[in-house]
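This report concerns only the one structure given below.
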Amino acid sequence: MDFLMSGLAACGACLFTNPLEVVKTRMQLQGELRAPGTYQRHYRNVFHAFITIGKVDGLAALQKGLAPALLYQFLMNGIRLGTYGLVEAGGYLHTTEGTLSPVRSAAAGALAGVMGAYLGSPIYMVKTHLQAQAATEIAVGHQYNHQIFPPQSWKVALAAAMVSGIAVVLAMTPFDVVSTRLYNQPTDAQGKGLMYRGLLDALLQTARKEGIFGMYKGIGASYFRLGPHTILSLFFWDQLRTVYYTYTK
């Protein structure tokens, strides 16, 4: 669970910080191995870079490389924080006297960090290539013309649904957990629930007794259900409409 929760938390943050990653990548590649004043500065500062990218490449370009960025964050932070959490839960960070050992904590953190960075490095490279892609007039660094999916491919829609599903699942899972429990609770002879008085009571009881993790039980299953479910629903809806209009004309 530590791996899953830490990975999903990092992905949620990445949705908001990825535009800064795009700006950072472009500014770091600008003037590569060239003396100051010998190249055109497309990006003067962070704010100018935001405006320039949005104006020339389009606002969507500020989220370039989002898919590999999310995968990188999920993998790297899932491994890094998850591994450290397992070491901590196993009691390896404490001495035989029960006190926390700074040396063991530092060693465990370093090991977890190295594992996450090593396994996430190939994905980070793909992310960098995609974030550096720009229109010719504001391009910096070497331009890789990667294309993850062919245009109009169903894979684009699936990937988009899986990415957007992160925010949806993070926001909706607590309510999904509560609704499941409300429907499943025992009732008295009048049909009144014996465990929860209503939605708010169920939310408060769950948070108070099980903590924040209790509010997100089943989040993995919810996430991997949401993307395919959305795509299949829209696909079948579109196909049924096509058949309907074909035979009703």
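All figures in this text were calculated on a predicted structure; none of them were measured in a lab.
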Can you name the side chain to side chain contact (heavy atoms under 4.5 Å, CB included) partners of Arg44, sequence neighbours left out?
->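 Checked Arg44 against side chain to side chain contact (heavy atoms under 4.5 Å, CB included); matches are Arg41, His48.
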
Anything under 3.5 Å between a donor and an acceptor, one on a side chain of residues 136-143, the other on a protein residue two or more places apart or in another chain? List them.
residue: Gln143; atom: OE1; partner: Ala134; partner atom: N; Å: 2.9
residue: Gln143; atom: NE2; partner: Ala132; partner atom: O; Å: 3.0
residue: Gln143; atom: NE2; partner: Val140; partner atom: O; Å: 3.0

Minimum heavy-atom separation for [X] and [Y], please, with both atom names.
X      : Y      : result
Phe74  : Cys11  : CB-SG, 3.5 Å
Ala108 : Val87  : CB-CG1, 4.0 Å
Ser101 : Thr95  : CB-CG2, 3.9 Å
Leu170 : Gly12  : CD1-CA, 3.9 Å
Lys192 : Asp188 : N-OD1, 2.8 Å
Gln30  : Tyr39  : CG-CE1, 3.9 Å

Shared ILVMFWY cluster between [X] and [Y], side chains joined below 4.5 angstrom?
X      : Y      : value
Ile53  : Leu15  : no
Leu70  : Val169 : yes
Phe175 : Leu204 : no
Leu86  : Leu93  : no
Val177 : Met215 : no

Going by heavy atoms in the side chains, are [X] and [Y] under 4.5 Å from each other?
X      : Y      : value
Tyr223 : Val168 : no
Pro19  : Gln63  : yes
Tyr43  : Thr52  : yes
Glu210 : Lys217 : yes
Leu130 : Leu66  : no

In this structure, are over 12 heavy atoms from other groups packed under 6.0 Å from Tyr92 atom OH?
->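 Counting neighbours around OH of Tyr92, 12 or fewer heavy atoms of other residues, nucleotides or ligands fall under 6.0 Å, so no.
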
Under 6.0 Å from the CG atom of Leu20, do we count more than 12 heavy atoms belonging to anything else shown?
->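 Buried by this count: over 12 neighbours within 6.0 Å.
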
Atom pair [atom1]/[atom2] of [X] and [Y] - distance to nearest 0.5 Å:
X      : Y      : atom1 : atom2 : result
Lys24  : Thr17  : NZ    : OG1   : 10.5 Å
Thr206 : Tyr216 : OG1   : OH    : 12.5 Å
Ile219 : Phe224 : CD1   : CZ    : 10.5 Å

If you measure only the distance, is there a donor-acceptor pair under 3.5 Å linking the side chains of Thr99 and Glu97?
->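 No pair is found: no donor N or O on one side chain lies under 3.5 Å from an acceptor on the other.
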
For side chain to side chain contact (heavy atoms under 4.5 Å, CB included), just list the numbers for Gln133 and Lys64, CA-CA rounded to whole Å, side-chain angles, deciding distance to a tenth of an Å, and then say yes or no.
-> CA-CA 8 Å; Gln133 286 180 351; Lys64 278 195 171 184; 3.6 Å; yes

Hey, can you pull the donor-acceptor pairs under 3.5 Å for the side chains in residues 111-126, sequence neighbours left out?
none

Could you give me the CA-CA distance, side-chain angles and deciding distance for Asp57 and Arg26, then say whether salt bridge (charged side-chain N to carboxylate O under 4.0 Å, His left out) is met?
-> CA-CA 12 Å; Asp57 284 341; Arg26 302 275 184 98; 3.2 Å; yes

Are any side-chain N or O atoms of Gln131 and backbone N or O atoms of Thr25, one a donor and one an acceptor, separated by less than 3.5 Å?
->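 No: the side chain of Gln131 does not pair with the backbone of Thr25.
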
So Gln205 and Met195, side chain to side chain contact (heavy atoms under 4.5 Å, CB included) or not? Walk me through it.
-> CA-CA 10 Å; Gln205 283 200 59; Met195 297 179 67; 5.8 Å; no

